[in-house]
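Notes follow the structure.
Here is the naming used below: chain letters follow the sequence lines, and residue numbers restart at 1 for every chain.
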2 protein chains.
Amino acid sequence: MPTRSADALDEALRARGLRSTLQRRLVLDAVAALGHGTPEQVCERVQVEAPSLSPSTVYRTLELLEKLGVVSHTHLGHGAPTYHVSGHEHIHLVCRRCGAVQEADVVQAGALAQEVADRYGFATDVAHLSLDGVCARCAGKHPTPAGR
Amino acid sequence: MPTRSADALDEALRARGLRSTLQRRLVLDAVAALGHGTPEQVCERVQVEAPSLSPSTVYRTLELLEKLGVVSHTHLGHGAPTYHVSGHEHIHLVCRRCGAVQEADVVQAGALAQEVADRYGFATDVAHLSLDGVCARCAGKHPTPAGR
DNA sequence: ATAATTGCAAACAATTTGCATTCAG
DNA sequence: CTGAATGCAAATTGTTTGCAATTAT
């Protein structure tokens, strides 16, 4: 159902008097298809359909889409920001061993945010919360952590 | 009391048959002094004392120190990893408006980790937990969030 | 028609790597 | 002495920017 998001995109663009272009749609579709992806991953994915779509455009478009509120980004694991379509908010569990990113719906996150708000006056964006750790699979595989 | 950490460092190095050098001590001191800092910040800081100490060495040393377990790194806010001395573990509250990083001691983090462990079998590294949001000061200043 | 958007190529910044020199053990 | 560690400079990688050509409106 790519039509839905396309429409939503069009709408958002029109609202700001911006233009609806193929590349913008492709970038959004790629983000949606990936679930969560770095700019590079989006580039790769998008260039399958449109090899001429340049990285510059991907970067610019991601920024734009974020401003429009249709996607948002978090910083998981290492340096690269990870984009995902807005709305489908969740917590990320990032495994430091295998790098896998699992999405989770966690009740306690609210309690945590509440405490931080009360004690530090800090308004946590729960949607951008990501946890670093070791996933079940890796924990099973390597009971004794190695150096590297 | 920089003597303490110097000794600890020496010890850790010896244990692995590695050499104790001035630059390694300087890098560790810089990390300790900064509380939490990116490689670049460490470079800057370290080059005050030793202008010839090269970035390469800083990068290599941070990696080494981490392997030794005397420092660890997290990813706050944007891309750059942030290093801090191990032991003094805490949660980071990163303000997306002003970029300020506040350290917090939060009880609920344990409950959160527990839930994730129970439901997903994911072993959270609580020490690397960082929250994205808006700090008290910024919330007060700009009641109406802007686009950029 | 007209200005927004794109693609390209060059500019940039941050990090990594190879290698000759230096220095701790 | 001897190999580990450093400093330098060049190579990479990921991202940004300027500008002419393109294209949605």
- Query: Between Pro81(B) and Gly17(A), which has a closest nucleotide on DNA chain C that is more 5'?
  - Reply: Gly17(A)
- Task: Check the angle between the aromatic planes of His36(B) and His92(B) and answer parallel, tilted or perpendicular using the 30° and 60° thresholds.
- Result: perpendicular
- Task: Check the distance between dG25(C)'s P and Asp10(B)'s CG and give it to me in whole angstrom.
- Result: 8 Å
- Task: Check whether any side-chain nitrogen or oxygen of Ser20(B) sits under 4.0 Å from OP1 or OP2 of dA24(C), and answer yes or no.
- Result: no
- Query: Given dT6(D), is OP1 or OP2 found less than 4.0 Å from the side-chain N or O atoms of Arg60(B)?
  - Reply: no
- Scan residues 35-52 of chain A against DNA chain D and write down, sorted by residue number, each residue with any heavy atom closer than 4.0 Å; if none is found, say none. Glu40(A)
- Query: Run the salt bridge (Lys or Arg N to Asp or Glu O under 4.0 Å) check on Asp10(A) and Arg14(A) step by step: do they pass?
  - Reply: CA-CA 6 Å; Asp10(A) 265 35; Arg14(A) 295 253 169 67; 3.7 Å; yes
- Task: Take the protein atom CG of Leu53(B) and the nucleotide atom P of dA5(D), then report the distance between them rounded to whole Å.
- Result: 14 Å
- Task: Grab the CD-C1' distance between Glu63(A) and dT6(C) for me, whole Å please.
- Result: 15 Å
- Calculate, to the nearest 0.5 Å, the distance between atoms OG and CG belonging to Ser20(B) and Leu9(B) respectively. 6.0 Å
- For the side-chain contact (heavy atoms from CB on, under 4.5 Å) test, which of Arg60(A), Gln47(A), Glu44(A) pairs with Pro55(A)? Gln47(A)
- In whole angstrom, what separates Gln23(A)'s CD from dA24(D)'s C1'? 11 Å
- Task: With sequence neighbours left out, write down each residue that passes ring-ring contact (aromatic ring centres under 6.0 Å, His included) with His128(B), or none if nothing qualifies.
- Result: none
- Can you list the residues that meet the side-chain contact (heavy atoms from CB on, under 4.5 Å) rule with His73(B), with sequence neighbours excluded? Glu66(B), His75(B), Pro81(B), Tyr83(B)
- Regarding the side chain of Tyr59(A), the nearest nucleotide among dT15(C), dT6(C), dG14(D) is dG14(D)
- Donor-acceptor contact below 3.5 Å, side chain Arg119(B) vs main chain Asp105(A): yes
- Roughly, in whole Å, what's the span from OH in Tyr83(A) to C1' in dG14(D)? 13 Å
- Query: What's the closest nucleotide to the Thr61(A) side chain, out of dT16(D), dG25(C), dT6(C)?
  - Reply: dT6(C)
- Respond yes when some side-chain nitrogen or oxygen of Thr21(B) is under 4.0 Å from OP1 or OP2 of dA24(C), and no when none is. no
- Message: Rounding to an integer number of Å, can you tell me how far His75(A) NE2 sits from dT15(D) P?
- Response: 11 Å
- Query: Within this structure, what is the CG-to-C1' distance between Leu18(A) and dT25(D), rounded to whole angstrom?
  - Reply: 12 Å
- Note on the structure: Of the candidates dT16(D), dA9(D), dT6(C), the side chain of Ser56(B) sits closest to dA9(D)
- Task: Using a cut-off of strictly less than 4.0 Å, decide whether Arg24(B) has a side-chain nitrogen or oxygen near OP1 or OP2 of dA24(C).
- Result: no
- Task: May I have the distance from Arg19(A) (atom CZ) to dA24(D) (atom P), rounded to whole angstrom?
- Result: 9 Å
